[in-house]
Amino acid sequence: MLQSTTHQRVLLHNARIITASGPDRGPLQTWDQLGWLANGALIAEQTREGWRTVWLGPVGDVQRPRYDTAVDLGGRLLTPGWIDSHTHAVFAGDRSHEFAQRLTGSSYAEIAAAGGGIVHTVAATRAASQQDLLTQSAARLTEMAAWGVRVVEIKTGYGLDLTTELKTLAVIDALRRQFAGRLTLLATAMPAHAIPREFQGDPDGYVALVCEEILPALARLSVPVPFCDVFVEQGYFSVAQADRIWRAAQKLGMRLKAHVDELSAMGGLQWALAQDAVSVEHLLRTDAAGVAMLAQSQTVAVCLPLTSLFLRESFAPMRSLVDAGARVALATDCNPGSAMTTNLPLAMQIAVLMAGLTPPEALRAVTRTAALAVGEAGGLTGRLAVGERFEATLLDVEHPDALFYELGAPPRGNSRLLDTLFSQNVP
Ligand code: NIG
Ligand code: FE
């Protein structure tokens with residue numbers, strides 16, 4: 001392990017590098033368009049804020065004494081660190097019985113209407129001790145890290161009361177410490193995930209609780225909460241309610257994310273774009289007019305192909321979104337009801353096989369555009385570029401095509417080497 005002195009410079013060489021420093025919109029046909037270096041090298045420097053890339057180029061151009069330590073990557077693939085930009089990874093219990101019900105014909109909406117769905121997980125999460133919630137959630141993050149993921153956004157939203165939303169955030173904070181140097185965690189406040197049972201019949205009462213108590217309490221904690229997310233959906237939150245919640249969150253310095261067009265298109269997309277949301281998520285029901293609006297905006301379209309697969313629903317119009325010029329990110333949506341999975345590479349594979357993205361577009365969608373989907377929080381850019389934060393995924397493959405070929409393959413991440421080298425990375 002390296003000493004934690006400042007200005008330590010490490011050369012990574014004999015690497016195949018994808019920089020992801022090309023355009024963040026529009027179609028990509030080739031790996032060259034995503035910044036491909038067949039025999040590359042990179043020098044990272046440790047600073048007080050963490051590691052930065054200070055040099056990047058073909059191996060033949062590297063000169064001493066620009067580095068202190070050299071590490072041979074053995075021809076492996078180095079990409080910007082993979083970002084899972086949309087997860088609900090902190091929850092207790094499971095809903096495998098609902099999965100079985102859906103396989104015999106019940107829909108997600110029918111199960112929720114019958115008293116299952118999110119509120120089922122809320123009951124389990126409320127009942128779980130903080131330690132138990134931590135243990136169950138840590139297992140999921142361990143899997144994510146094994147897939148090569150380096151950054152995970154995690155939403156609250158299985159508490160839906162002050163105590164349990166605070167417990168969820170305390171767990172995220174504990175996970176941040178437990179995974180320091182392996183994963184960067186970004187917290188999103190999502191008490192507006194569902195109406196809890198005790199407020200059935202009084203949704204506006206719950207919205208008031210969210211605005212007046214839950215969000216302010218979450219914002220007061222020492223763990224940063226850069227985003228607020230709202231599930232805009234029939235039976236969950238209307239546009240008017242989402243707007244009230246967003247006004248409160250904005251005053252607390254949070255940025256807007258929104259679940260829209262997942263089960264129905266009810267104006268959430270248009271509302272979120274008018275608020276300059278940092279991202280809109282799901283988009284299964286987004287039509288051509290919505291695609292055109294997204295293409296004109298800075299807002300990132302976070303697509304979740306494993307949710308479509310898991311729910312046996314259609315896919316978000318990913319191909320049209322990219323062709324129209326929208327920024328498209330891919331994430332797992334890891335949650336017990338609509339996407340019980342941690343497998344980000346599988347999300348990339350399904351986006352390619354079922355929704356028409358090209359492999360370079362899918363890799364961009366978990367690097368550069370995923371960084372935009374989390375507002376480039378903490379200086380995260382999703383690129384390997386000189387002067388920017390160094391955050392990378394190292395893979396045991398020689399060519400990025402291999403990432404798509406072996407469907408649902410066992411972990412190919414080899415980030416342990418990077419963890420050891422760069423364990424002082426500041427989250
Ligand atoms: O992203 N849309 C809302 N939330 C999740 C589902 C959560 C659950 O069913 O537990 C989603 O699909
Ligand atoms: Fe979600």
Side-chain angles (χ1 to χ4, degrees), residues 84-102 106-126 128 133 136-137 140 152-160 164 168 186-197 227-237 242 245 256-266 268-269 272 277 279-286 300-316 329-342 344 347 370 373-374:
D84 193 341
S85 60
H86 177 141
T87 85
H88 308 254
V90 174
F91 61 85
D94 85 54
R95 308 225 300 271
S96 47
H97 58 288
E98 290 184 3
F99 183 74
Q101 281 170 11
R102 283 196 298 98
S106 308
S107 73
Y108 182 87
E110 283 163 1
I111 291 168
I118 292 173
V119 296
H120 187 278
T121 302
V122 168
T125 304
R126 287 179 179 178
L133 192 56
Q136 294 188 38
S137 307
R140 294 174 201 122
V152 184
E153 183 260 14
I154 305 177
K155 302 172 197 299
T156 72
Y158 290 114
L160 310 187
T164 319
T168 305
L186 301 168
T188 295
M190 199 176 181
H193 194 197
I195 309 289
R197 281 199 179 124
F227 310 107
C228 175
D229 198 335
V230 184
F231 189 17
V232 186
E233 186 57 59
Q234 310 286 349
Y236 294 83
F237 297 88
I245 290 161
L256 179 64
K257 288 176 162 285
H259 279 60
V260 299
D261 293 1
E262 181 176 356
L263 307 172
S264 62
M266 48 175 275
L269 172 63
S279 62
V280 286
E281 333 230 331
H282 284 286
L283 307 168
L284 266 55
R285 309 269 184 249
T286 301
V300 179
V302 180
C303 299
L304 305 157
L306 299 182
T307 310
S308 298
L309 190 65
F310 201 86
L311 295 180
R312 299 203 281 196
E313 288 279 351
S314 57
F315 290 88
L330 289 171
T332 59
D333 195 22
C334 173
N335 78 76
S338 71
M340 186 58 189
T341 174
T342 58
L344 189 62
V374 293

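Values below: all heavy atoms of this structure, side chains included; hydrogens, waters and symmetry mates excluded. Just follow the structure's listing: the first ligand is 1, and inside any ligand the first atom is 1.
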Practice problem: Quick one: closest heavy-atom pair of Gly337 and Phe310, and the distance? | Solution: O-CE2, 3.6 Å

Exercise. Look at Glu262 and state whether any of its N, O or S atoms is less than 2.8 Å from the Fe ion (ligand 2).
Key: no

Exercise. Taking the Fe ion (ligand 2) as the reference point, name the nearest N/O/S atom of Asp333.
Key: OD1

Quiz item: Any side-chain donor-acceptor pair under 3.5 Å between Glu233 and Ser264?
Solution: yes

Exercise. Only one of Leu256, Val260, Asp261 passes side chain to side chain contact (heavy atoms under 4.5 Å, CB included) with Val280; say which it is.
Key: Val260

List ligand 1's nitrogen or oxygen atoms that come under 3.5 Å of a protein nitrogen or oxygen, with the partner atom and distance.
unit_1	atom_1	unit_2	atom_2	d
ligand 1	1 (O)	His88	NE2	3.2
ligand 1	1 (O)	His259	NE2	3.2
ligand 1	1 (O)	His282	NE2	2.8
ligand 1	1 (O)	Asp333	OD1	2.9
ligand 1	1 (O)	Asp333	OD2	3.0
ligand 1	2 (N)	Glu262	OE1	2.6
ligand 1	4 (N)	His193	NE2	2.7
ligand 1	9 (O)	Arg95	NH2	2.8
ligand 1	9 (O)	Tyr108	OH	2.4
ligand 1	10 (O)	Arg95	NH1	2.9
ligand 1	10 (O)	Arg95	NH2	3.3
ligand 1	10 (O)	Tyr158	OH	2.6
ligand 1	12 (O)	Glu262	OE2	2.8
ligand 1	12 (O)	Asp333	OD2	3.2
ligand 1	12 (O)	Ser338	OG	2.6

Quiz item: Are side-chain N/O atoms of His86 and His259 paired as donor and acceptor at under 3.5 Å?
Solution: yes

Quiz prompt | Where the Fe ion (ligand 2) is the vertex, angle from His86 NE2 to His259 NE2 to 10° | solution = 90°

Exercise. Could you check His193, Arg95, Arg126 and say which one makes a side chain to side chain contact (heavy atoms under 4.5 Å, CB included) with Thr121?
Key: Arg95

Quiz item: Quick one: do the His88 and Asp333 side chains pair a donor with an acceptor below 3.5 Å?
Solution: yes

Exercise. Tell me which N, O or S atom of His88 sits nearest to the Fe ion (ligand 2).
Key: NE2

Quiz item: What are the two closest non-hydrogen atoms of Arg102 and Tyr108, and how far apart are they?
Solution: CD-N, 3.8 Å

Exercise. Before giving the answer on side-chain contact (heavy atoms from CB on, under 4.5 Å), spell out for Thr125 and Leu133 the whole-Å C-alpha distance, their side-chain angles and the decisive distance to 0.1 Å.
Key: CA-CA 7 Å; Thr125 304; Leu133 192 56; 4.0 Å; yes

